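Here the structure is laid out as structure tokens; the discussion comes afterwards.
Every chain is numbered from 1 and lettered A, B, ... according to where its sequence line falls, protein lines coming before strand lines. As the structure is a computational prediction, the values presented were derived from the model and not from experiment.
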There are 2 protein chains.
Amino acid sequence: MSVRPTRGEGEQNSDPRIERSRRVIQEATVDELASVGYGGLRIESIARRAGVGKATIYRHWSGKQDLVESTLAMIKEDMVAPGEGTVRERVTSILTWLASYLTDSRASSVMPALVSAAQFDKSVAEFHFRFTSERRHAMIDLLSEGVQTGELRSDLDAELAAEMLAGVLFYRRLMTDRPFPSEEVGNLVATVLGSAD
Amino acid sequence: MSVRPTRGEGEQNSDPRIERSRRVIQEATVDELASVGYGGLRIESIARRAGVGKATIYRHWSGKQDLVESTLAMIKEDMVAPGEGTVRERVTSILTWLASYLTDSRASSVMPALVSAAQFDKSVAEFHFRFTSERRHAMIDLLSEGVQTGELRSDLDAELAAEMLAGVLFYRRLMTDRPFPSEEVGNLVATVLGSAD
DNA sequence: GACTTATGAAACGACATCGTTTCGCAGCAG
DNA sequence: CTGCTGCGAAACGATGTCGTTTCATAAGTC
């Protein structure tokens, strides 16, 4: 992915400046992605925001695509946290996290930027669809588990339910100027899964 | 909106070449929007696709933004058709149209392009949100009508239901590589509104 | 402390796109 | 038929971005 990791993947470089440069550059890339999107990305803007020379960027990555790919991979790493509890609780927790991510965060535009870029850039699309698919199937599996254990109604269509839940959050973020408030995720879950007895 | 409609809005120009030029240029703009998105739009590409000189474009519009705005307005005009029947039938018909538009059509990427552009371009965002809001409220009103007449369950949350319905279609189109098949819209409507008795 | 090396700043050529202008031609009006 | 005008093609300067190179400096190693 990166062009010149002077040493191998996991090994630590002797010079801390290298890792630091990579970190601040990728952070700046996230910020730029969020503020101008993939199409508006300018290497010079990233360098300026990172307080770094353009040359330093090209020392570590072969170009824009390389940098973005490695940054997206980093974002994916940061994305975590299933949790404990009943199916209903875990579903609510995942969606609450997603709602906050699409609302509050400094990075609330990162995911929209990814969605946008995927529409017209093949390599971004590949990443985006694979990434989304993983999270989607995690949710579907979770809902299926709930159906099998009897926690959720037996006639629930897990796949459709997963798409409705995430769909509403993304719809609100992408199609309106009122992103879905994370406080209302409970209502949403109750509506889609049915109220608890 | 346009810069030099030699005569006023509705009047007919004496020279048919003018109207023809405007038409083929806007059609080419739609195609380009669908294939490379707003950020990737190049005036020269539009000119080439339209079989037109670049100068002709600048004769009719002041620049890229002017052209896109007037083209989006045109797209909006083309978007029609409530229909007749029960609330359930009208809802199904609207969503079936939307599903086809996001699936089959030559223009299946126009709306995603709009969504994408709206994330980072202020003037596009204004258009996009207003446009979406209109269609959303039409759907909400329709569902409310169904609740009031007793055709739909009285505890239905019209707003949330509208967002779930459209949300699933957009989620499928933007977040996966399997757009929602228009044949399955019936199932979707039944799931969200509840099966008919 | 002496060396090594990554860094930030700046300038570079190459290239793409913008919006303008020019020009000869062809379609239209009368 | 004749004059007019919108047209397509081409070339233009201006601008902005890319990816590279150079160079003195400062941060690192040993």
Side-chain angles (χ1 to χ4, degrees), chain A residues 1-8 11-29 32-33 35-71 117 120-121 123, chain B residues 1-8 11-29 32-33 35-71 117 120-121 123:
Chain A
M1 202 143 291
S2 24
V3 128
R4 252 188 268 167
T6 327
R7 309 280 198 287
E11 306 178 26
Q12 49 204 349
N13 291 310
S14 44
D15 195 333
R17 286 175 292 178
I18 294 176
E19 196 189 353
R20 182 199 171 271
S21 288
R22 293 184 60 91
R23 198 186 65 246
V24 297
I25 290 167
Q26 286 188 312
E27 284 169 359
T29 303
E32 283 291 309
L33 261 184
S35 78
V36 300
Y38 182 80
L41 268 197
R42 303 285 172 253
I43 296 288
E44 292 203 43
S45 306
I46 295 174
R48 211 177 315 122
R49 191 191 283 261
V52 141
K54 233 189 341 171
T56 302
I57 294 181
Y58 287 104
R59 270 181 212 115
H60 293 292
W61 292 273
S62 67
K64 188 188 297 189
Q65 175 162 329
D66 188 19
L67 172 58
V68 170
E69 282 178 10
S70 104
T71 301
F120 307 104
D121 183 285
S123 74
Chain B
M1 202 144 295
S2 25
V3 129
R4 251 188 269 167
T6 326
R7 308 285 199 284
E11 307 178 26
Q12 50 204 349
N13 292 308
S14 46
D15 196 331
R17 288 174 292 179
I18 295 176
E19 195 189 353
R20 183 199 172 269
S21 288
R22 293 185 59 93
R23 198 185 65 245
V24 296
I25 290 169
Q26 287 189 311
E27 284 168 359
T29 302
E32 283 291 307
L33 261 185
S35 76
V36 300
Y38 182 80
L41 268 197
R42 303 289 170 251
I43 297 289
E44 293 204 43
S45 306
I46 295 174
R48 211 178 315 122
R49 191 190 283 262
V52 141
K54 231 184 349 165
T56 301
I57 294 181
Y58 286 104
R59 267 180 215 118
H60 294 292
W61 293 274
S62 68
K64 189 188 294 189
Q65 176 162 328
D66 187 20
L67 171 58
V68 171
E69 281 178 11
S70 103
T71 301
F120 307 104
D121 183 285
S123 75

(message) Could you check whether any side-chain heavy atom of B:Lys64 comes within less than 4.5 Å of a side-chain heavy atom of B:Arg42, counting everything from C-beta outward?
(response) yes
(message) So, taking the atom named CD1 in A:Ile57 and the one named CD in A:Glu44, what distance separates them when rounded to the nearest 0.5 Å?
(response) 9.5 Å
(request) Round to the nearest Å and state the distance from B:Ile46 atom CD1 to D:dG8 atom P. (result) 14 Å
(message) With a cut-off of less than 4.0 Å, is there a side-chain N or O of B:His60 near OP1 or OP2 of D:dG6?
(response) no
(request) Show your working on side chain to side chain contact (heavy atoms under 4.5 Å, CB included) between B:Arg20 and B:Arg23 and close with a plain yes or no. (result) CA-CA 5 Å; B:Arg20 183 199 172 269; B:Arg23 198 185 65 245; 4.1 Å; yes
(request) Please report, rounded to the nearest Å, how far the C1' atom of D:dT5 is from the CD1 atom of B:Ile18. (result) 9 Å
Quick test: give all pairs of protein nitrogen or oxygen and nucleotides 27-30 of chain D nitrogen or oxygen below 3.5 Å, distance rounded to 0.1 Å.
from, atom 1, to, atom 2, distance (Å)
D:dA27, N3, A:Arg17, NH1, 3.3
D:dT29, OP1, A:Ser14, O, 2.7

(request) Report yes if some heavy atom in the side chain of A:His60 is under 4.5 Å from a heavy atom in the side chain of A:Leu67; otherwise report no. (result) no
(message) Measuring from atom OG1 of B:Thr71 to atom CD1 of B:Ile46, what distance do you get when rounded to the nearest 0.5 angstrom?
(response) 7.5 Å
(message) Just to verify, what does A:Thr56 make a side chain to side chain donor-acceptor pair (under 3.5 Å) with, not counting sequence neighbours?
(response) A:Arg59
(request) Compare side-chain N and O positions of B:Ser21 against OP1 and OP2 of D:dG6 and report whether any pair is under 4.0 Å apart. (result) no
(request) Between protein and nucleotides 9-24 of chain D, map the contacts as a letter string: B base, S sugar-phosphate only, - none, heavy atoms under 4.0 Å, written 5' to 3'. (result) B-------SBBBB---
(request) Starting from P on C:dC18, measure out to CH2 on B:Trp61 and report it in whole angstrom. (result) 15 Å
(message) What is the distance, to the nearest angstrom, from the CD atom on B:Glu19 to the P atom on D:dC7?
(response) 12 Å
(request) For residues B:Ser70 and B:Trp61, report the shortest heavy-atom separation together with the two atoms involved. (result) OG-NE1, 3.0 Å
(request) Give the rounded distance in Å between these two atoms: CD1 of A:Ile57 and C1' of C:dA9. (result) 14 Å
(message) Distance check, rounded to the nearest 0.5 Å: B:Ser45 atom OG versus B:Lys54 atom NZ?
(response) 10.5 Å
(message) If the helix axis at each end comes from five base pairs, how far does the helix from C:dG1-D:dC30 to C:dG30-D:dC1 deviate from straight, to 10°?
(response) 40°
(message) Working to the nearest 0.5 angstrom, can you tell me the gap between A:Ile43 CD1 and A:Glu32 CD?
(response) 10.0 Å
(request) Check side chain to side chain donor-acceptor pair (under 3.5 Å) between A:Gln65 and all other residues, then give those that pass, not counting sequence neighbours. (result) A:Glu69
(request) Under the salt bridge (charged side-chain N to carboxylate O under 4.0 Å, His left out) rule, collect the residues that match up with A:Arg17, sequence neighbours excluded. (result) A:Asp15
